[in-house]
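Following: one structure in structure tokens, then a few remarks.
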Amino acid sequence: MTYEYTRAYANELDLVDPLADYREEFYLRPGTIYMDGNSLGLLSKRAEQSLLESLADWRELGIDGWMQGRHPWFTLSEELAALNAPLVGGRPEEVMVTGSTTVNLHQLVSTFYHPHGKRTKILADSLTFPSDIYGLQSQIRLRGLDPAEHLVQVESRDGRFLDEEDIIEAMTPDVALIVLPTVLYRSGQILDMERLTAEAHARGILIGFDGCHSVGAIPHEFHDWGVDFAYWCNYKHLNGGPGSVGGLFVHERHFGTYPGLSGWFGSRKDKQFDMDHSMTPAEDAGAYQIGTPHVLSLAPQIGALKMFKEAGIDRVRAKSLQLTQYMMDLIDEELEGFGFVIGNPREDDKRGAHISLEHPEAARICKALKENGVIPDFRAPNIIRLAPVALYNTYADVYDVVSLLGTIMLEEQYKRFSNERETVA
Ligand SMILES: *Cc1c(COP(=O)(O)O)cnc(C)c1O
């Protein structure tokens with residue numbers, strides 16, 4: 001596909017976009033272009049409505065909302081798991097919507113990390129999100145081991161990407177468990193999950209993935225790939241709202257594995273209210289729930305996830321790839337000579353859903369973008385992340401953002417700001 005570098009052409013692409021109508025369903029702040037859906041997706045009218053319905057259930061039904069609500073709270077996590085499942089390529093019973101990313105990491109690592117004999121180490125990487133590393137370090141400490149020795153982080157050769165060869169080489173006989181991101185949060189690189197899973201299993205190692213930056217943006221086949229477990233958030237690409245409840249996947253071959261962190265909501269549903277002091281865990285991924293679900297942080301997902309069911313993750317991915325390709329082409333064409341480097345993989349099968357634009361003045365270029373109504377995010381030390389989201393961004397948005405970047409550089413507007421990050425970047 002060849003693109004033209006005019007706004008008229010961007011408008012033409014928008015006219016033939018099969019997902020164009022979804023934009024109307026979101027609350028977009030007039031005069032702004034939102035490019036931060038990979039940090040916090042926007043509110044849709046459907047998500048707002050399903051939240052208001054759950055509030056009305058509480059208002060009108062009190063305790064009976066658990067069984068008689070429009071979306072009965074007692075089975076809401078299961079209802080949402082069925083909507084999450086196709087997005088990760090899991091069977092509905094392999095998926096649960098519960099906890100948060102970091103809590104689910106703790107749950108799954110508690111469940112699947114059993115250092116024994118010489119196999120005592122966890123293998124991760126040096127580019128992953130810090131919360132994952134903090135969680136893994138504390139899990140190692142809880143086993144009475146020293147993270148400095150038992151957490152191995154594969155290095156990156158260039159500070160941007162991981163090489164699957166390096167990861168495979170690090171799968172040594174002392175590794176008990178591997179935890180990696182599906183998509184790196186800075187460079188947007190997609191790891192070859194299928195290959196890494198096969199290589200880990202060939203060496204007798206369990207492997208799990210953090211899907212925060214891919215779920216809702218790219219298709220997955222966690223079941224078919226044989227991934228042991230995965231976890232993700234529902235507030236980035238899935239638009240579930242700030243702090244919305246996360247998701248987890250446990251492959252059915254592990255059903256029956258006793259949860260590392262148990263609580264009564266992990267019980268078989270028909271047994272939960274027996275109030276017995278010996279737990280009967282659910283026979284599927286439901287076992288890895290802990291306590292009472294955060295209903296008001298689940299409720300927006302009812303509306304939000306139905307949009308994905310309708311739109312289909314393959315169409316979302318197809319548009320996302322075109323948006324990011326268009327953005328890269330425009331950057332190459334329009335921003336030459338301004339010192340930008342595209343720091344994400346260019347290949348379709350390796351590129352997640354955002355552009356990682358590197359520049360020494362990135363922090364203040366982000367501030368200049370914001371002053372002009374564009375919402376990017378900044379990742380230290382030098383990355384401007386731009387996420388054109390398939391359900392609510394347009395090709396015209398992409399064109400306007402790149403053209404604004406050109407103006408900011410040409411007029412040196414960024415020089416009016418300090419090159420430091422803000423508290424929440
Ligand atoms: C956003 C994100 C998190 C955040 O975890 P929370 O528990 O939801 O705060 C963790 N890991 C990755 C890779 C992320 O992108």
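Whatever order the structure lists ligands and atoms in, that order sets their numbers, starting from 1. Basis for what follows: all heavy atoms, side chains included, without hydrogens, waters or symmetry-related copies.
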What protein heavy atom sits nearest [atom], and how far away is it?
atom	answer
atom 5 (O) of ligand 1	Thr101 CB, 3.3 Å
atom 9 (O) of ligand 1	Tyr235 OH, 3.6 Å
atom 3 (C) of ligand 1	Phe129 CE2, 3.5 Å

Taking NZ, NE, NH1 and NH2 as the nitrogens, is one of them in [X] or [Y] under 4.0 Å from a carboxylate oxygen of the other?
X	Y	result
Glu361	Arg364	yes
Arg23	Asp397	yes
Glu310	Lys306	no
Glu165	Arg195	yes

Is there side-chain contact between [X] and [Y], with heavy atoms separated by less than 4.5 Å?
X	Y	answer
Tyr399	Tyr326	yes
Val374	Thr32	no
Tyr27	Lys45	yes

Proximity of Val103 to ligand 1 by residue part, where a heavy atom lies under 4.0 Å: neither
I'd like to check which ligand 1 atoms, numbered from 1 as shown, lie under 4.0 Å from a non-hydrogen atom of [X].
X	result
Ser100	7 (O)
His213	15 (O)
Thr102	5 (O), 6 (P), 7 (O)

Look only at interatomic distance and state if Tyr185 has a nitrogen or oxygen under 3.5 Å from any nitrogen or oxygen of ligand 1. no
Do ligand 1 and Asp210 have nitrogen or oxygen atoms that lie under 3.5 Å from each other? yes
Quick test of your reading of the structure: of Lys236, His106, Arg186, whose heavy atom lies closest to atom 15 (O) of ligand 1? Lys236
